[in-house]
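What follows is a set of notes on a single structure, which appears directly below.
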Amino acid sequence: MKTKGILLGLIFLGFISCKKEVVKNVESPKISLQTNLQTTVKSYTYEELKPLLEKKDDKIYVVNFWATWCGPCVKELPEFEKLGKEYADKNVEVLLVSLDFPKQVAKKLIPFIKKKNLQSKVVLLDDINEDVWIKAIDSTWSGAIPATLIYNKHKRKFYEQSFDYKTLETEIKNFLKPNILE
Amino acid sequence: MKVLKLTLFLCVFAVTAAFTLKTNDGYKVGDTIEDFALKNIDGEMISLADYEEAKGFVIIFTCNTCPYSVANEDRIIALNKKYENKGFPVIAINPNDPVAVPDDSFDKMKIRAKEKGFRFPYLLDEGQKVYPKFGATKTPHVYIVTKNDLKVQYIGAIDNSARNPDKVTEKYVENALDALLAGKKISKTETRAIGCSIKVQ
């Protein structure tokens with residue numbers, strides 16, 4: 001009986017400590033995914049990009065740092081595209097932050113977006129002083145890509161790794177249902 | 001009761017996992033490194049102990065294929081040219097698995113070194129045993145090590161503008177080497193830059 005009391009107490013503690021991470025699921029407007037193909041890529045400094053990495057609305061943002069020259073990045077892009085499509089109605093938005101060389105935007109990045117028919121929004125991060133913004137994006141990031149940031153207004157997680165769809169979906173599900181006791 | 005216990009177990013597991021997953025092993029600034037013996041492109045085995053005259057080393061994990069490495073090649077060559085005579089030669093190590101990246105094979109390393117006229121060793125981390133000890137995660141990834149104590153003095157990027165050499169305003173590695181040579185404290189001992197993840201099978 002005593003054990004039961006302690007267990008219940010622990011579960012109660014766990015419950016209140018996780019409570020603040022509950023995500024509200026709000027219906028998002030249906031977006032036509034087939035028509036918004038990008039033909040230009042906007043270039044951002046870190047200061048300009050920062051607001052996109054800390055939005056405080058009800059969405060879950062999946063920000064993938066990649067480049068056309070990065071083999072493992074290109075390999076995992078379809079998983080992010082799939083996630084963006086399948087979870088669009090669950091308030092999940094994918095942003096692809098390219099670290100391509102600024103000189104190669106017209107020559108490589110835009111043709112790549114067209115060829116792969118990328119539906120997620122692509123922006124270019126062009127900012128020297130990588131030392132400053134890599135640490136600012138996440139203190140654990142060594143700078144290797146691929147790397148991914150998943151966040152909502154309550155929490156953020158950074159992943160210096162490659163993803164397959166299953167792993168990515170598991171992470172998103174954790175964001176959608178952060179409280180396992182619910 | 002069983003369900004409660006299971007739930008509790010899962011909760012504890014999740015918390016433990018969250019704290020143990022992201023541990024970045026490898027040398028930190030101030031750590032003493034273990035010497036290594038790796039094959040150079042000329043077939044000779046190279047160890048740090050072979051360098052009797054050196055004051056230290058600029059160990060750079062780099063490769064043929066990563067555009068960030070390629071963008072830094074001329075800067076690596078210039079570093080060796082400037083600091084080899086001052087006692088800090090460059091030691092380049094390719095950490096990639098040649099099966100995962102055929103263009104980073106030992107033969108392709110020889111070709112690249114010849115094309116670019118490398119005057120420093122370009123070693124293959126055969127079996128990928130050395131880079132994990134350093135905790136290198138990407139190419140290029142620089143470690144400055146002093147010879148007498150084999151201590152790591154600096155970890156990070158070559159300068160503050162990897163993608164565009166014309167925009168460099170701070171030369172991290174040169175500043176660190178100049179400080180070491182002058183017997184001064186290095187102002188920035190750890191910096192970061194974007195790079196290609198090290199490729200494994």
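The chains referred to below are lettered A, B, ... by the order of the sequence lines, with proteins before strands, and numbering in each begins at 1. What you are looking at is a predicted structure, and each value in this text was computed from that prediction instead of being measured.
Counting non-hydrogen atoms of other residues, nucleotides and ligands closer than 6.0 Å to NZ of B/Lys81 gives a total of 12 or fewer. Enclosure of atom CD in A/Glu48 by more than 12 non-hydrogen atoms of other residues, nucleotides or ligands within 6.0 angstrom is indicated. Applying the 6.0 Å contact sphere to CD of B/Glu115 captures more than 12 heavy atoms from other residues, nucleotides or ligands. Within 6.0 Å of NZ in B/Lys147 there are more than 12 heavy atoms belonging to other residues, nucleotides or ligands.
Side chains of A/Glu130 and B/Arg163 form a contact here, defined as non-hydrogen atoms less than 4.5 Å apart.
Across every non-hydrogen atom of A/Ala144 and B/Thr137, the tightest pair is CB-O, 3.8 Å. Minimum interatomic distance between B/Arg192 and A/Asp131 (heavy atoms only, all atoms of both residues): N-OD1, 2.7 Å. Taking both residues in full, the closest heavy atoms of A/Phe101 and B/Ala71 are given as CE2-CB, 3.8 Å, listed atom of the first, atom of the second, then distance.
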Got a list of side-chain donor-acceptor pairs under 3.5 Å for residues 193-201 of chain B, not counting sequence neighbours?
unit_1, atom_1, unit_2, atom_2, d
B/Ser197, OG, A/Ile145, O, 3.4
B/Lys199, NZ, B/Ser197, O, 2.7
B/Gln201, NE2, B/Asp97, OD1, 3.4
B/Gln201, NE2, B/Asp97, OD2, 3.3

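When B/Lys138, B/Glu190, B/Lys188 are compared by the number of non-hydrogen pairs under 4.5 Å with chain A, B/Lys138 comes out ahead. Between chain B and the options A/Gly71, A/Ser139, A/Cys70, the largest number of non-hydrogen pairs under 4.5 Å is found for A/Ser139.
Inspection of non-hydrogen atoms places B/Lys167, B/Thr169, B/Tyr172 of residues 166-174 of chain B under 4.5 Å from chain A.
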